[in-house]
Amino acid sequence: YSLLIPLTFVLLTWRVTGYLCPTAVSMYFCKTEYNTGLLCVIILFFFFQDYTATIFLRQRWTDERLCFDGNKSLSLDGRLVEMLWVPDTFIVDSKKSFLHDITVENRLIRIYPNGTVLYALRITTTVACSMDLTKYPMDKQTCTLQLESWGYNINDVMFYWTRGNDSVSGLDTLQLAQYTVEDHFTSVSEAVYETGRYPKLVFHFELKRNILYFILETYVPSILLVVLSWVSFWISQSSVPARICIGVTTVLTMTTLMMGARTSLPNANCFIKAIDVYLGICFSFIFGALLEYAVAHFCTLHRLSSKERNGVLAAVTNSCSTPDNINKIDSNRSSETNTDKKRERSKHSGCTSPMSVMKRLFCIFDCFHVKNPYHIDNYARFSFPLSFIIINVLYWVYYLYF
């Protein structure tokens, strides 16, 4: 108690001067050391582009005004922090922060005989983190925790990490629901504003999303739906209800799956994500399988035989033969005027033009004519799976390695 009473008396007598930076008394910079411990409660909310973390923030600096005789440190009540000078540290890009106060405010003040002050806090903060979701769910996010001085510039205080990258602990045992901490490091920089240059400490950590959940939740069901749509290729074309039922059911199920995958993402993100690309590919194959049956069924029912085409051409030819005979008789009449001859020629050309148009239409039809529509299903049985496998290889190689 002999040391505590004089120290308490000193704190009470210079309460006003205690708000001054130690540099106002000494000729040296006020060096503030930082040591941060992260609890295993980092939660990343990519819906709101931020993350929430509970951290132990430990600050250490030397104040010569608090030197006392002895060889033991003194732990003071957290309420005495109002009588001491403390760095005006704040968290950059913080949306919401609070100090834990159960059962008392989680503060620690420890003063050493040489005037060194240890000030520890337990706080929970929500910090903004700009995320790039173009490769979601195979994405990697790099977020930062920035500590900066609010009022004291680089001429007043200097921030630095106590042990460099080892100043932040607790990430080795950190377990997150969707992410794995791949790398983390610290850095020291300066923040430049109109009012001056201020010290800043930055903690960087890189998170990689665990894709296994999304493979089981989205990718595998999508692949199974695509394979299910191929079953219709082995069903007879005469079984119209069965093939239509499979096609429509797979299309509607795929649509529901796409809508469910979008509900967990923010609507503000207008960029296309990797999962959107894959769902779009699967939907295209399912819809293509439905169109394949429509084309095959149309070719089966509406192909024209050669006799029918010849009959149509003969009918058109006979319809034009009568005007031709009339034109020959009228051409021998000398009493016809030049105006009537021009009208007859126009009639003759009007009959020959439908003939040429019809012939061209039938030639075009023959180019797209399928002799055996049942071969369409045979081609689809190999082309659809082969195309889907090739596109899958390109998709996974691009998003995993590029």
Side-chain angles (χ1 to χ4, degrees), residues 36-57 91-100 102 106 121-147 165-186 202-225 254 256-279 282 395-396 398-402:
T36 305
L38 270 70
L39 294 177
C40 301
V41 290
I42 293 182
I43 304 175
L44 195 64
F45 297 99
F46 59 91
F47 190 88
F48 301 104
Q49 299 283 307
D50 57 26
Y51 68 91
T52 300
T54 299
I55 62 177
F56 288 114
L57 181 62
I91 300 176
V92 184
D93 298 331
S94 176
K95 296 182 178 180
K96 180 178 62 176
S97 301
F98 64 90
L99 175 67
H100 292 264
I102 302 298
N106 296 170
L121 299 172
R122 179 171 177 260
I123 59 178
T124 296
T125 179
T126 300
V127 185
C129 178
S130 180
M131 304 179 188
D132 184 10
L133 299 177
T134 53
K135 289 189 176 183
Y136 172 87
M138 292 164 283
D139 56 327
K140 294 182 180 180
Q141 305 298 337
T142 301
C143 298
T144 59
L145 178 65
Q146 304 180 40
L147 303 176
N165 294 336
D166 296 333
S167 299
V168 181
S169 59
L171 292 178
D172 297 334
T173 59
L174 184 63
Q175 296 181 354
L176 302 177
Q178 293 187 14
Y179 290 92
T180 302
V181 180
E182 281 200 336
D183 189 18
H184 63 90
F185 60 94
T186 60
V202 184
F203 170 62
H204 310 262
F205 57 97
E206 182 177 332
L207 301 174
K208 181 180 180 181
R209 195 185 303 271
N210 299 325
I211 194 176
L212 180 60
Y213 168 79
F214 298 93
I215 290 178
L216 299 177
E217 187 74 13
T218 304
Y219 285 95
V220 172
S222 302
I223 295 174
L224 293 179
L225 286 175
M254 193 66 204
T256 304
L257 189 63
M258 295 174 64
M259 295 177 62
R262 292 176 178 270
T263 53
S264 59
L265 295 175
N267 297 327
N269 291 334
C270 299
F271 44 78
I272 300 177
K273 297 168 285 295
I275 194 171
D276 295 335
V277 174
Y278 194 83
L279 293 178
C282 294
Y395 173 86
W396 291 104
Y398 174 78
Y399 281 104
L400 289 178
Y401 299 101
F402 294 97

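Here the structure is a predicted model, which means the values were calculated and not measured. Both backbone and side-chain heavy atoms feed into the values below; hydrogens, waters and symmetry mates do not.
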Query raised in the report: Stepwise, does the side chain to side chain donor-acceptor pair (under 3.5 Å) test hold for N165 with T186?
Result: CA-CA 5 Å; N165 294 336; T186 60; 3.0 Å; yes
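- Ring centers of Y179 and Y51: at least 6.0 Å apart, outside the cut-off.
- Other residues, nucleotides and ligands contribute only 12 or fewer heavy atoms inside 6.0 Å of the OH atom of Y213.
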**Report entry** I211/Y399 under side-chain contact (heavy atoms from CB on, under 4.5 Å): CA gap, chis, key distance, verdict
**Finding:** CA-CA 12 Å; I211 194 176; Y399 281 104; over 6 Å; no
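- Within the 4.5 Å cutoff, no side-chain heavy atoms of I123 are placed close to those of S97.
- Taking CG of N106 as the start and CZ of F56 as the end, the distance is 7.5 Å to the nearest 0.5 Å.
- Residues R209 and K140 fail the side-chain proximity criterion, which asks for heavy atoms closer than 4.5 Å.
- Counting only heavy atoms from C-beta outward, the side chains of V220 and I215 approach each other to under 4.5 Å.
- Put simply, NE2 on H204 and CD on E206 are 12.0 Å apart, with the number rounded to the nearest 0.5 Å.
- Taking every heavy atom of both residues into account, L257 and S222 meet most closely at CD2-OG, 3.2 Å.
- Pairing each heavy atom of C129 with each of T142, the nearest pair is SG-O, 3.9 Å.
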Report task. Would you check, one step at a time, whether the test side-chain contact (heavy atoms from CB on, under 4.5 Å) holds for V181 with D183? Result -> CA-CA 6 Å; V181 180; D183 189 18; over 6 Å; no
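- In this structure, the side chains of L212 and N210 stay at 4.5 Å or more apart for every pair of heavy atoms.
- Here the closest heavy-atom approach between residue V168 and residue H184 is recorded as O-CE1, 4.3 Å.
- H100 is linked by a side chain to side chain donor-acceptor pair (under 3.5 Å) to R122, T124, counting only residues two or more places apart in sequence or in another chain.
- Residues Y395 and V277 form a side-chain contact, since some pair of their non-hydrogen atoms from C-beta on lies under 4.5 Å apart.
- Using a 4.5 Å cut-off on side-chain heavy atoms (C-beta onward), Q146 and D93 make contact.
- Between the OG1 atom in T126 and the CG atom in D50 there is a gap of 6.0 Å [rounded to 0.5 Å].
- A donor-acceptor contact shorter than 3.5 Å is absent between the side chain of Q49 and the backbone of A128.
- Nearest heavy-atom pair, C282 versus M254, reported as atom, atom and distance to 0.1 Å: CB-CE, 3.5 Å.
- Taking the side chain as every heavy atom from C-beta outward, V202 and L145 never approach each other to under 4.5 Å.
- The side chain to side chain contact (heavy atoms under 4.5 Å, CB included) test with L279 singles out one residue from M259, R262, M258, and that residue is M258.
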**Report entry** Q141 vs L133, side-chain contact (heavy atoms from CB on, under 4.5 Å): CA-CA, chis, key distance, verdict
**Finding:** CA-CA 9 Å; Q141 305 298 337; L133 299 177; 3.6 Å; yes
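- Between Y219 and F214, the distance from one ring center to the other does not fall under 6.0 angstrom.
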Query - L207/T180 under side-chain contact (heavy atoms from CB on, under 4.5 Å): CA gap, chis, key distance, verdict - result: CA-CA 6 Å; L207 301 174; T180 302; over 6 Å; no
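- Only one option out of L171, L147, T144 pairs with F203 in a side chain to side chain contact (heavy atoms under 4.5 Å, CB included); it is L171.
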